[in-house]
Amino acid sequence: MSKVYVKQEESLSIKFVHQMKEGDHRRLDLYFFLPKEMGINPQSLDEEEYYHAAIAGRRSYYSSGLHLPLVQGRFISQNKRTVEEFRLYLNLFAYQFAVAIETDSKELAQIEDIEQFYLALKDLSDIVAQLLKKFRRNEPSDPKWKHYFENSDNYLSWFCEQRLLKLLSHAPRSSDYSEITEEVVNLCRSENSYRESKNYNSSQTKDDPNRISNKMLLLRRLIQQGVVLKEELKTLGVGLKKLTTGIATGFVMLVVSALIIKAQGVFSGLTLSLVLTLAVIYGFREIFKEDIRNALWRVIQKGRPRWSRILRDTTSQAVIGRQLVWIDFIKAKELPTEIDEILNRRHSQNKVDADILHYGINSRISQKDFLAGYSTIQEQVNFSLAPFARYLERGKAKIYKESDGKISSDSVERRYQINLVLSLREGRNPPQFARYKVTMNRSTIIEVTESKLPDGVQAIGFEQEVAD
């Protein structure tokens, strides 16, 4: 698979996913080229607010061979391990099972072709049934171990049922695929009956949507324990920002004091004119103080990372990795020369003025302290484009056509194209690049397509799947 790949996540979000091994040092930069006509710029979008509201990441241990043979073998040999080891490997399987089903169901929901949708739905339901069956074959008999198994089994059964029902509720209507629909419904019914036969949930919990939802969120957190890395995010430059505020305030007060002294020299004594002049001076101080501070802070902050992040193993508390995170608007002249070359090779009709939003993440992964048997972590970062969409215009134009003397019209939607360029640098190796085109309107992302790079620019390569 590609070292880094970008794909659409939901109707108005995209994500990038990559894996990092022990000892890796990787710098990844994403440049969003937002056309001026979208109206998204430093004045309309606060980068820090966007980061906290619209960017969500998840880092966890990763193994591509976890779903079937690996977990099967580990469960078979469970008697040779401790309860803690069994619980950890159980969580690894359950977590990646849930993530895989979640990812596949989101991709399936974006399929518009009816035949392709129902065939994919049947394949997904078959995989769910197969994996649940294999998972339950290895149910432990020891009560100390069985409790952990039941928590995972309860959650996976409920989660798979919910995902399939959600797909059916939004499925295109067609009587030609009623057999597939009935097959999926029967699987959901059987999972519901299975949980009832195991008495996994009380009647009060089952009958209250809020209680069942909150219980499953708790089980999800229990499953993530030991798998998803603990994150400690720290804001950088707090002291520097206070210093900047002090300098800006001192500068403003210096100017204000000079004006006050000047005013006192002009007006003799305490007169109405002096009072009004002082009021105007203090008014201007309040107006410009924040602007001066913000402008000064933007100059000082430029190019500096905004946050640092420490990734810890939730079981051993060992530091697995450290990251620095950037997000800021930059100017075209600050772009690397390779990105300039990529953009200059575009078709002339696509060369439009754009504001550039930059997101960067620098990762250093530890060479030790990984969970036994694992040497890779996976990072997945989701970008919501919903904050962009609210600035976009709705389509109001119409296209007219004539046929047999009759004139008809079709409404057209307003579409926008965002260029996304990725830059990946591993250690001291030269950077590699990839370019994507994100086409969207006010309500959804139309498509995400990868574009060919010009000759001489190194594309992001591929690597072998990592296995335990």
Side-chain angles (χ1 to χ4, degrees), residues 1-2 4-18 28 30 32-34 38 40 45 49-60 95-114 116-121 123-125 127-128 155-156 158-173 184 209 213 216-217 220 224 228 327 357 359 361 378-392 394-395 413-420 422 434 436-450:
M1 64 177 295
S2 175
V4 184
Y5 68 91
V6 175
K7 61 192 298 187
Q8 183 176 349
E9 175 72 351
E10 293 182 333
S11 60
L12 271 173
S13 68
I14 60 175
K15 71 176 180 181
F16 77 82
V17 181
H18 65 134
L28 184 63
L30 288 81
F32 293 85
F33 293 84
L34 309 169
M38 294 180 73
I40 304 169
L45 182 71
E49 289 181 4
Y50 178 74
Y51 175 82
H52 290 296
I55 301 178
R58 181 170 56 194
R59 292 101 194 153
S60 63
Y95 173 76
Q96 289 203 353
F97 184 2
V99 170
I101 297 302
E102 184 177 31
T103 301
D104 291 346
S105 62
K106 287 179 179 179
E107 291 179 354
L108 201 160
Q110 296 170 14
I111 298 176
E112 297 181 355
D113 182 80
I114 295 179
Q116 187 180 356
F117 175 87
Y118 279 99
L119 291 178
L121 178 61
D123 289 341
L124 180 62
S125 65
I127 292 173
V128 167
Y155 176 76
L156 291 177
W158 179 85
F159 183 74
C160 291
E161 176 194 354
Q162 289 297 305
R163 280 289 163 179
L164 292 173
L165 289 176
K166 183 177 180 179
L167 287 170
L168 286 176
S169 68
H170 296 92
R173 304 302 175 189
V184 176
S213 177
M216 293 305 165
L217 285 175
R220 174 92 176 202
Q224 291 178 351
V228 177
I327 185 167
L357 179 63
Y359 173 87
I361 185 164
Q378 176 169 280
E379 180 176 40
Q380 172 180 308
V381 179
N382 288 31
F383 293 84
S384 172
L385 303 188
F388 297 171
R390 67 170 175 260
Y391 294 100
L392 307 184
R394 297 185 183 276
E413 61 184 8
R414 182 72 182 274
R415 293 186 175 184
Y416 300 83
Q417 186 179 97
I418 299 173
N419 278 286
L420 171 60
L422 272 70
Y436 294 85
K437 290 187 290 187
V438 181
T439 305
M440 64 178 294
N441 57 26
R442 189 178 172 86
S443 59
T444 187
I445 295 174
I446 309 299
E447 63 178 355
V448 178
T449 57
E450 186 171 3

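Note that this is a predicted model, so its numbers are computed, not measured. Values below: every heavy atom of this structure, side chains too, minus hydrogens, waters and symmetry copies.
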Next on the checklist: Lys15 vs Thr103, test: side-chain contact (heavy atoms from CB on, under 4.5 Å). Steps then yes/no.
Outcome noted: CA-CA 11 Å; Lys15 71 176 180 181; Thr103 301; 3.9 Å; yes
Checklist outcome for this item: Sequence neighbours excluded, the answer for side chain to side chain donor-acceptor pair (under 3.5 Å) partners of Arg58 is Tyr95
Checklist entry - Who passes side chain to side chain donor-acceptor pair (under 3.5 Å) against Tyr391, sequence neighbours left out? => result none
Item to check | Donor-acceptor pair, side chain of Tyr155 and main chain of Leu217, under 3.5 angstrom | outcome: no
Next on the checklist: Which heavy atom of Tyr50 sits nearest to which heavy atom of Ser384, and what is that distance?
Outcome noted: OH-O, 2.9 Å
Next on the checklist: Is any side-chain heavy atom of Asp123 closer than 4.5 Å to one of Asp104?
Outcome noted: no
Item to check | pair Thr449-Thr439: side-chain heavy atoms closer than 4.5 Å | outcome: no
Checklist entry - Got a second to check how far Ile127's CD1 is from Cys160's SG, nearest 0.5 Å? => result 11.0 Å
Checklist entry - Quick one: are Leu357 and Leu30 in side-chain contact, heavy atoms under 4.5 Å? => result no
Checklist entry - About how many Å separate CG of Leu108 and NE2 of His170, when rounded to the nearest 0.5 Å? => result 13.0 Å
Checklist entry - Does the side chain of Ile418 reach to within under 4.5 Å of the side chain of Tyr416, using non-hydrogen atoms? => result no
Next on the checklist: To the closest 0.5 Å, what do you measure between CD (Gln8) and CD1 (Ile446)?
Outcome noted: 8.5 Å
Next on the checklist: Could you work out, with side chain to side chain donor-acceptor pair (under 3.5 Å) as the rule, every residue matching Arg59, not counting sequence neighbours?
Outcome noted: Glu231, Glu379
Checklist entry - How about Leu392 and Met38: do any of their side-chain heavy atoms sit closer than 4.5 Å? => result yes
Checklist entry - So which heavy atom on Val17 is nearest to which on Gln380, and how close? => result CG2-CG, 3.9 Å
Next on the checklist: So which atom in Tyr5 and which in Tyr436 form the shortest heavy-atom distance, rounded to 0.1 Å?
Outcome noted: CA-OH, 4.2 Å
Item to check | Minimum heavy-atom distance Phe159-Ala98, with the two atoms named | outcome: CE2-O, 3.4 Å
Next on the checklist: Once you measure the plane-to-plane angle for Tyr359 and Tyr51, does it fall in the parallel (<30°), tilted (30-60°) or perpendicular (>60°) bin?
Outcome noted: parallel
Checklist entry - How close do Phe117 and Ile111 get, heavy atom to heavy atom, and via which atoms? => result N-CG2, 3.7 Å
Checklist entry - Can you tell if the side chain of Val438 reaches within under 4.5 Å of the side chain of Val6, non-hydrogen atoms only? => result no
Checklist entry - Got a second to check how far Ile445's CD1 is from Glu9's CD, nearest 0.5 Å? => result 10.0 Å
Item to check | Distance, nearest 0.5 Å, that separates CG of Leu28 from NE2 of His18 | outcome: 5.5 Å
Item to check | Arg220 bridged to Glu102 by N-O distance under 4.0 Å | outcome: yes
Item to check | Nearest non-hydrogen partners of Thr444 and Ser11, listed with the distance | outcome: OG1-O, 3.2 Å
Item to check | Test item: Glu10 side-chain N/O and Leu12 main-chain N/O as donor-acceptor pair under 3.5 Å | outcome: no
Next on the checklist: Do Leu420 and Val448 have side chains that approach each other closer than 4.5 Å (heavy atoms only, starting at C-beta)?
Outcome noted: no
Next on the checklist: Is there a side-chain contact between Lys106 and Arg163 in this structure, where contact means two heavy atoms from C-beta onward sitting under 4.5 Å apart?
Outcome noted: yes
Item to check | Gap separating the OG atom of Ser125 from the OH atom of Tyr118, nearest 0.5 angstrom | outcome: 12.5 Å
Checklist entry - Counting only N and O atoms by type, is there a donor-acceptor contact under 3.5 Å from the side chain of Ser105 to the main-chain atoms of Ile101? => result yes
